[in-house]
Structure formats: structure tokens, C-alpha cells
Amino acid sequence: MIEMLLRRLVLGFVTVWLVSVIIFAGVELLPGDACTAVLERDAQGKVLETCREELGLNRPAIQRYFSWAAGAIQGDFGVSVDGITSISSQVGLRVKNSMLLAAGALSVGVPLSIFLGVIAGLWRDRFVDIVVSTTAIFAMTIPEFVSATILVLIFSIGLGWLPAVVLTPADAPALEFFPEFVPASIVLTLVMVAHIMRMVRSSVIEVMAGDYVQMATLKGVPYWRIVFRHALPSALLPAINVVALTVAWLLGGVVVVEVVFNYPGLGRMAIDAISDRDLPVIQALVMLVAAVYVGVNLLADLMTMFLNPRLRTLHMRSK
Amino acid sequence: MSDTPIIDIQNLSVGFTGRAGTTLPVLRDVSLSLKRGECVGIVGESGSGKSTLALAAMGFLKGGLRKLEGRVCFDGEDMFARTRTELETIRGGKLGLIPQNSGQALTPTLRIGAQLIEALRLHCDLPDAEHEPRAIDLLGQVRLPDPEVIMRRFPHELSGGQQQRVAVAMALAGEPEALLLDEPTTGLDVTTQAHILELLRDLASERQVAMVFVSHDLGVIARTCSRVLVMYAGEVVLEGPSREVLRKPLHPYPHGLIASIPRLKDPCLPVALDGRPPSPGGGGPGCAFANRCALADDQCRTTAPSLVKTACGSLVRCFHHDQIGTLSNTISRREPAHHDSSGDDALLLHELAISYHRSGLFDRLFSGSESPPNTVDEITLSIAQGETLGLVGESGSGKSTILKAIAGLLKPATGQIKVAGGTPLPANVEGRRPEQLRRIQMIFQNPDESLNPRQTIAEILAQPLRLYYGLEGQALFDRSVELLDTVRLSAHYMDRLPSQLSGGEKQRVAVARAFAAEPEIVLCDEITSALDVSVQAAVLELLDDLKRNNDTTYIFVSHDLAVVRALSDRVAVLYQGRLCEFGPAENVYGSTSHPYTEVLLNAVLEPDPDEAPTLTAEDVVELSPPARGCPFQRRCPCKIGSQCDNDTPPWQEAEGGHMIRCHIPLSELDQK
């Protein structure tokens with residue numbers, strides 16, 4: 001078990017490291033650097049050289065990679081191209097905001113989607129299932145900006161219950177985003193519920209048709225006890241990985257929704273950084289997203305392993 | 001004890017709605033009545049409706065099925081008229097079920113203890129505090145070692161036999177008056193099967209539990225039941241005392257079925273029952289068996305016979321049951337093509353060892369690895385051209401592993417595999433030349449998995465023909481048709497998909513595909529275990545024909561000793577991946593044999609109520625072979641002492657190249 005954990009941790013670190021090499025190399029290959037970006041038309045001759053000297057850009061790439069990586073490990077991604085703002089503190093604020101958005105979507109979305117998936121799976125092909133499944137397909141296929149617009153039309157313009165856009169600045173405390181982040185969270189919930197619900201539904205159908213559910217029925221176990229004790233523990237296992245991907249997707253920044261609602265999350269920061277050619281910020285964001293994906297998936301695999309007795313005992317025995 | 005039957009099924013018909021909206025019957029007018037304490041067997045081929053009948057006794061029908069007519073009573077009350085709560089009380093309580101595959105019927109996420117205690121909570125009056133001791137007690141009653149440890153295990157941590165015992169314990173938790181057993185020992189090793197059946201027999205006699213045994217294995221029925229129902233295409237065709245039914249069946253179907261069972265004491269090929277049963281709703285107006293019956297006449301094809309009582313008290317559904325006697329003379333068992341083993345070697349295995357253990361980078365970094373004993377070790381065998389070598393042993397004995405290594409699917413740890421001419425074969429399929437690949441072909445156990453479901457039969461057969469012979473167009477088609485003909489399938493099968501074929505037909509296609517390469521050696525991995533006995537007999541006949549015509553060498557792997565006996569010239573017995581014994585079939589199955597072979601042979605069930613298996617060794621499952629000494633040391637009933645634990649036993653040669661690896665002298669082995 002511990003060996004398994006170590007193995008996965010090491011592999012996780014290797015993945016993140018590989019991403020760091022790729023992103024650094026990618027930025028190196030692009031024409032121009034931070035100095036050409038800042039100086040724009042003045043970027044020539046003496047001025048450019050001094051700038052590069054000041055920022056240390058004239059050192060060999062490998063040396064710069066190591067000093068960048070060393071900083072990144074300690075959480076210091078250097079300063080933005082403007083030479084003043086610390087990237088870490090900027091990113092920190094955005095992470096907080098993105099987490100707020102994700103938390104909103106997840107806290108409603110995960111229980112709701114599991115509930116709907118179970119209901120649809122148990123009453124397969126009945127009225128409830130048809131309604132839930134069809135709605136899910138609609139929710140999945142409508143692009144976020146369309147559902148966002150419709151939501152704004154109904155709740156902000158029509159009913160006037162919720163603000164249409166977020167005006168709170170990025171560095172405001174979490175509480176001040178309430179209730180402005182609610183519409184954005186609802187749009188995200190719609191998209192993710194559909195995915196998770198469909199996964200849960202098919203898994204429930206498969207397990208309920210299984211031999212051990214039939215056996216439990218013929219052992220005289222009441223229906224709802226079968227569902228909760230015999231079927232769901234197995235049926236929900238595959239949902240963990242889907243939920244993990246959703247979490248990673250939410251934390252990695254949901255560009256479209258953030259842009260539509262003017263929400264100051266990681267997604268918009270990335271968009272802004274790209275249009276400003278703020279290479280250090282792009283690097284930092286990519287690293288962050290990679291780490292989130294690796295971390296969340298690792299966590300999901302460990303949870304699956306812990307909850308599935310087959311996998312758990314397999315690794316215990318091998319150790 | 002009252003006279004009312006405990007289970008009483010009267011004129012039950014069950015069916016489902018077909019595509020055109022018509023009702024297709026799965027069970028037709030079936031009656032079954034069971035007194036308290038009585039054991040009744042239901043036999044029939046797959047699809048005959050035997051499991052449906054047993055589950056209907058619980059008031060349960062699988063999805064899509066519905067009751068059309070009739071009554072199902074348990075303890076005097078109609079099961080289909082009861083409320084859900086009433087059913088929940090009876091199911092698992094007074095009426096228990098022991099399922100076919102307990103490995104799949106136990107909930108994988110719950111510990112054995114939790115599942116047993118659940119059954120107790122639902123069905124017995126004991127206070128909660130006494131549930132756990134009672135559960136442990138039940139596990140002890142089904143003779144599981146260390147009940148306390150088993151309680152904390154998950155189902156997948158137990159062996160097949162142990163899982164089946166847990167299922168029995170779970171059924172006993174409800175203090176049942178009747179038990180339904182749906183193929184309770186199918187898929188278990190012979191020794192395990194014999195042990196489980198003894199346990200069930202004891203329970204039946206101790207507790208006066210009525211039992212319904214559903215099985216396709218007449219040996220199981222012979223061992224356990226006093227009365228038998230034979231089902232065919234959803235109908236009862238014969239009902240009577242086991243002895244009558246198994247010795248002198250009055251219906252041509254069980255008559256043919258019994259002839260198709262290979263016998264341990266009879267080295268002849270079983271006789272196949274040609275044709276297949278009609279699909280639900282498919283049969284004509286007459287007798288459902290008419291198209292497979294040697295006695296059928298015009299009356300049989302136009303009028304459906306009804307069940308009639310015979311002179312000796314059996315019920316039979318046949319117009320000509322008085323003529324069955326004439327049928328026996330027409331059946332003669334055929335001797336398989338034998339070949340002596342003195343010819344040139346077709347295949348030579350030299351000191352073959354295979355290990356599944358792979359020490360990865362992390363193992364070496366973290367655990368300073370000490371590798372476990374090889375899964376298969378010290379296999380030295382030669383197989384002569386045209387010979388059939390049978391490989392027998394329990395599950396996990398390494399039979400299939402050896403075949404995979406020969407086929408190049410597994411890389412041996414050490415040792416060599418040589419074909420005729422003495423050149424060692426490269427270990428992996430990738431390293432072998434097409435000519436080397438062509439010479440060795442493999443047929444797998446389950447044709448559902450070995451045939452690509454999206455390819456037609458023509459495409460399946462075309463692959464080896466293109467690869468090895470470069471055939472195209474008309475030549476390819478002609479050769480494919482010819483191949484289908486050799487496996488007795490007509491040309492119109494070419495366009496079909498595997499899913500449109502029956503199990504036996506699929507296995508024939510798999511045989512045809514193997515023979516398309518015109519191989520010298522064919523590896524058969526349990527190729528008949530997934531088939532009904534009558535179909536199995538047909539496949540065995542086919543293999544024998546092909547051997548006569550092509551002088552093919554077979555390595556035939558099976559856990560069924562009687563099947564191996566029917567086909568093999570020589571037999572090798574494996575335990576824990578080590579050879580215990582090999583030699584000519586009649587010698588290995590004869591009086592002098594290795595203690596392990598003896599244990600296996602004694603446990604075989606013959607379809608004869610007067611033959612009882614002898615159980616000499618516990619059916620313990622060993623996960624890995626012992627590091628030293630004889631591999632069979634822990635289970636051996638005639639272990640002689642510490643030399644068995646410490647010294648590798650010597651090979652002793654008996655007559656006719658019969659080799660036994662044991663410390664006990666041959667003369668003493670003979671007396672056992």
C-alpha cells in the first residue's frame with residue numbers, strides 16, 4: 001500500500017516536472033522574450049541588452065530553467081513582465097476566486113448528479129429516467145455561453161434576483177463575491193451534472209443487473225437495502241474519477257464562463273496573460289493547472305483504491 | 001410433518017414477448033412437486049428452462065419473463081400472489097437459494113461476516129448480540145477452516161470452493177425447509193465439487209431439508225437426488241427415480257444425453273447427439289425432440305406427445321418409449337484414433353519454467369526482492385507426431401500456462417521449446433517466423449471471446465488462409481467452404497457473425513480457424529468445458545476425425561479427467577505447475593498412480609447412482625508451491641515423512657514409459 005502510494009507520488013512529480021520542461025522549452029522557442037514584450041518598439045540595441053542583463057535573460061537557458069524551477073518549487077514564480085507585481089500573490093488571489101466558484105458548483109452539482117443518476121438508473125426507461133436523461137443531454141450540448149446568457153436574461157434582467165456580471169475586484173475577500181458568483185456556479189453545475197449523472201446512471205444499471213443483486217433479492221433483502229448496501233458502493237466507484245476530472249477542470253479555470261460573467265478567476269488571468277504576452281504568468285499558470293490535474297487524479301485513484309476492497313487487499317497482500 | 005408438498009408447481013408456463021409481439025414460451029406446462037426432505041434433480045441442456053423453473057419456485061422470474069399460466073406454491077401458498085414483504089420473508093428464510101457462481105453472487109464490497117449477519121438479521125429471531133457467534137458457527141458447519149478469519153474476508157479473497165461454502169452457510173442462516181441449488185458445483189474442480197456435494201448430502205439428511213438440484217451434470221444428480229426431471233425445450237420429457245432415469249431412460253433424449261457423457265472407465269469416444277433444440281416458440285406442431293430423434297416418425301412430427309405414466313411409475317413424453325430398447329443397440333461407442341508414442345517427436349519441452357512474477361524497478365528499489373518459486377517448473381516432456389497428450393490438473397495447476405508458453409504468448413523463465421527437427425522456438429510470438437507460427441495453432445476455451453464478434457465467419461477463416469497461404473478471391477472462398485465442411489458446417493455460415501451461432505457451432509468455427517493453417521500441433525485449452533455434454537461429444541468426435549485425416553498432434557488440456565481419457569494417448573498430471581506423473585493413458589488411469597492422481601480419480605462423479613466418490617484429501621487451495629520437497633506434500637493422503645517436505649521426489653519408471661514422481665516405492669503405490 002505504502003509502496004503503491006510512493007510509486008504514484010513519484011510518477012506524479014515526474015509528470016509535473018516534464019510539464020515544466022515542456023512549457024519552459026516552449027516559451028524559449030517563441031520569438032522574443034519578456035524584454036521585447038515590455039519595451040515593444042524600443043526593443044533594440046543597448047536598451048534591450050541592458051534590460052536583458054537586468055532580468056538575467058542573457059544567461060544560458062538551462063541556468064534560467066533551474067533558477068525558475070527552484071523558485072517555483074518554493075512557490076515563487078518571479079515577477080510579472082511589468083517588473084513589479086509578484087506573480088505568486090496575483091495567482092494566489094485568482095486561485096481563491098476559482099476555488100470559490102468550483103466549491104459553489106461542486107457542493108450542489110456532485111450530490112445532485114449522483115442523486116439524479118441513481119434515480120435514472122433504478123427507474124431505467126421509465127418516465128423519470130427519460131426526463132432526467134433528455135434534460136442531461138440538453139444541458140451537455142448547450143454551450144456555456146448560451147446557457148449563461150439565458151440565465152442572465154431570466155434571473156438578472158427578467159426577475160432581477162441576481163447580478164448579471166461580477167464587479168467585485170479580484171483581491172476582495174471571498175464573502176464579497178456573494179451573490180455575484182452564483183450565476184456562474186449555476187452554469188458550471190449544469191454542464192458537470194450532465195456528465196456525472198450519465199456515468200452514474202449506466203453504472204447503476206450495470207450493477208443492478210448483476211448476479212449479486214439478484215442473489216440479494218433472493219436472499220430476501222428489502223429493495224432499498226439492496227440499493228444502498230449492496231449496489232451503490234460498487235456503482236459509485238467509477239463516479240469518483242469523473243468527479244475528479246470535473247474538479248480539475250473547474251480549478252484549472254473555466255475561461256468561457258469567467259469571461260461571460262467577468263469573473264476574476266484563473267481562466268481570465270490566463271486569457272489576459274496571453275494577450276499581454278506575459279510569459280512568466282503563463283508559465284506559472286500552466287504549472288499550476290498541471291499540478292492540480294495530477295494531484296486531483298492521484299487523490300481520486302487513491303480513493304477508488306481505498307473504497308474498492310479488491311484493489312485495497314491486492315496491494316496490501318503484495319506488500 | 002404434513003403430507004402437503006413443500007414446493008408444488010402445477011402446469012407452469014413462463015414466456016417472454018418476442019419481437020413480433022407474439023408470446024414465446026420458455027417453460028411449457030411444467031409440474032414439479034416436492035415432499036419435505038426430498039431431493040429432486042432437474043437436468044437438461046443450456047436453454048432448456050431448468051434454472052427458470054427453479055427460480056420460479058421462489059416466485060422470481062428474470063427480467064422480461066412473465067408467468068403465463070399455472071400455480072407455484074410454497075408451503076401451500078401461491079408465491080406469485082404474495083406481497084413483496086411476504087416474499088422477502090420466505091426468500092432466504094424457509095426457502096434458500098444456492099447460486100451457480102458464488103464468486104459473482106456475493107456482494108464484492110461487503111465482508112463475508114457482514115453478508116452472513118445480514119441474512120441472520122433478516123431471517124432469524126436471535127437477538128443482535130448473538131448474530132456474530134451464530135455466523136461463525138454456521139461457517140464452521142459448512143466446514144470452512146478458521147471461521148473467524150473468513151468472517152473478515154471479502155468474497156474475492158476466497159477460493160471458488162470456499163465461496164460456495166459461504167453461500168451454503170448463508171442459505172442455512174434462514175433455517176430453510178427447502179433449498180434450490182442452481183448448478184451448485186459447476187465450475188469447481190473435481191475434488192472441490194465432490195466435497196461440496198458430500199456437505200450438501202449430509203445437510204439434507206441431518207436437517208430434512210428438501211432440495212432441488214439444477215444441473216447439466218448427470219453425475220451430480222446421480223450422487224444427490226432420488227428423483228429426476230429431464231427437461232427439453234421448456235418441457236419435462238421424463239420424470240422418474242434417478243436409478244431408472246440414469247440406467248434405463250425411457251425417452252430418447254436422456255438416452256442420447258447419457259451416451260454423450262465420457263466415462264472414466266471406458267476409453268471410448270462418447271456419442272454425440274446431433275442437432276440442436278428449437279429456440280423458444282420455434283418448434284413445429286410435433287414433438288420438440290423429433291428432429292434429433294432416431295425413433296421419430298410422422299406422428300411425432302405432427303402431434304405433440306403428452307406426458308404418460310409408464311409401467312414402472314415414471315412419466316414420459318414420448319410416443320415410442322416402449323421402443324427405447326431398440327435404440328441402445330444402434331449406439332456403439334467408437335475407439336478414438338490411437339497413435340503410439342514411439343514416432344518422431346513433434347514437440348519437445350525441455351526443463352521449461354515459467355514465472356508470472358516480474359520484479360519491476362520499484363520492487364528492486366524497495367523490497368530487495370526475493371523472487372517466489374516459479375509458477376511452472378521443470379517441465380520436460382516429448383510429444384510424438386500424431387499423438388494426443390492430455391494435460392490434467394486442478395485450476396491453478398499451470399495447464400493453460402504451459403500451452404501459452406508453447407504458443408509463444410508467455411515468455412518462459414528458463415528452458416526450451418523445440419519442434420520437429422530440433423530447432424528451439426523463439427520465446428515470443430513476435431520472434432517466430434510465419435512458418436513456425438503456422439505449425440502450432442491454439443483453440444481457446446471460450447469461443448465467445450476468441451472469435452471477433454464483428455467479423456463474419458468468412459473473415460475469421462480468411463485471416464490464416466491469407467497469412468500463411470496467400471489465398472485470395474475464389475480460391476480463398478473455396479478453401480473456407482472446404483474448412484467449414486470439415487467441421488460439418490455448411491457454406492451458408494460464411495456470412496454469419498459469431499453471435500448468430502450456438503456455442504457448439506462457434507467452437508467448430510474456432511477449430512476450423514486453427515486447422516486453416518494446416519498445423520502440425522494443435523493446442524486445445526479446455527475447449528469443451530463451456531459446452532453442453534452432447535455438444536462436447538460432437539466436438540470430441542470432430543477432433544478425432546481431424547486427427548485421423550491429418551495426423552495432427554494434440555495437446556489437450558482439461559480439468560475433466562473423463563474427457564481427457566476419451567481422447568488421449570498419453571496423459572500428464574500436473575500439480576502446482578510441476579509434473580507428478582505421465583505415461584500412457586491406460587497406465588495413468590490404472591491401478592499404480594501418484595497419490596495426487598489417485599485423489600483426482602477418486603473424486604470423479606460418474607452418472608451412476610451406485611458409484612460414490614472417495615474423498616481422500618482436503619480441497620485446500622494452495623496459492624504457491626512449497627519451496628522445497630514434493631509439491632503435493634501439504635495435501636498428500638499418504639505422506640510418509642520429512643523426506644516429502646525436504647527432498648524433491650525421484651522419478652520412478654513403471655512399465656510402458658509410465659513415470660511417477662514420488663518417494664513411495666512403486667510396489668506400495670500399486671497397493672493403494
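The chains referred to below are lettered A, B, ... by the order of the sequence lines, with proteins before strands, and numbering in each begins at 1. Here the structure is a predicted model, which is why all the values come from computation and not from measurement.
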Using 4.0 Å as the upper bound for N to carboxylate O, is an ion pair formed by A/Asp129 and A/Arg126?
no
Checking heavy atoms, do the side chain of B/Gln115, its backbone, both or neither come under 4.5 Å from chain A?
both
Which is it for B/Arg111 and B/Glu132 under the salt bridge (charged side-chain N to carboxylate O under 4.0 Å, His left out) test, yes or no, and what are the steps along the way?
CA-CA 13 Å; B/Arg111 289 173 202 276; B/Glu132 193 171 331; over 6 Å; no
Check whether B/Leu180 gets within reach of chain A through its side chain, its backbone, both or neither, counting any heavy atom under 4.5 Å.
neither
Can you tell me which of B/Ala105, B/Gly63, B/Gly93 forms the most heavy-atom pairs within a distance under 4.5 Å of chain A?
B/Ala105
What part of B/Leu106 lies closer than 4.5 angstrom to a heavy atom of chain A: side chain, backbone, both or neither?
backbone
Please look at A/Val207 and chain B and tell me whether the side chain, the backbone, both or neither of the residue comes under 4.5 angstrom of a heavy atom of that chain.
neither
Any heavy-atom pair between the side chains of A/Ser133 and A/Met197 that's under 4.5 Å?
yes
Answer with side chain, backbone, both or neither: which region of B/Thr109 has an atom nearer than 4.5 Å to a non-hydrogen atom of chain A?
both
Looking at A/Arg8 and A/Leu298, would you say the former's side chain and the latter's main chain have a donor-acceptor pair under 3.5 Å?
no
Atom pair CD/CG of B/Gln163 and B/Leu158 - distance to nearest 0.5 Å:
6.0 Å
Heavy-atom distance under 4.5 Å to chain B: side chain of A/Arg229, backbone, both or neither?
both
State, yes or no, whether a side-chain contact exists between A/Met208 and A/Arg124 at a heavy-atom distance under 4.5 Å.
no
Find the one option among B/Pro108, B/Gly59, B/Pro99 whose heavy-atom pairs under 4.5 Å with chain A are most numerous.
B/Pro108
Please state whether the side chain, the backbone, both or neither of B/Ala173 comes within less than 4.5 Å of a heavy atom of chain A.
neither
Could you check whether the rings of B/His156 and B/Phe154 sit parallel, tilted or perpendicular, using 30° and 60° as the cut-offs?
parallel
For chain A, which candidate among B/Gly92, B/Ala171, B/Gly96 shows the most heavy-atom pairs at distances under 4.5 Å?
B/Gly92
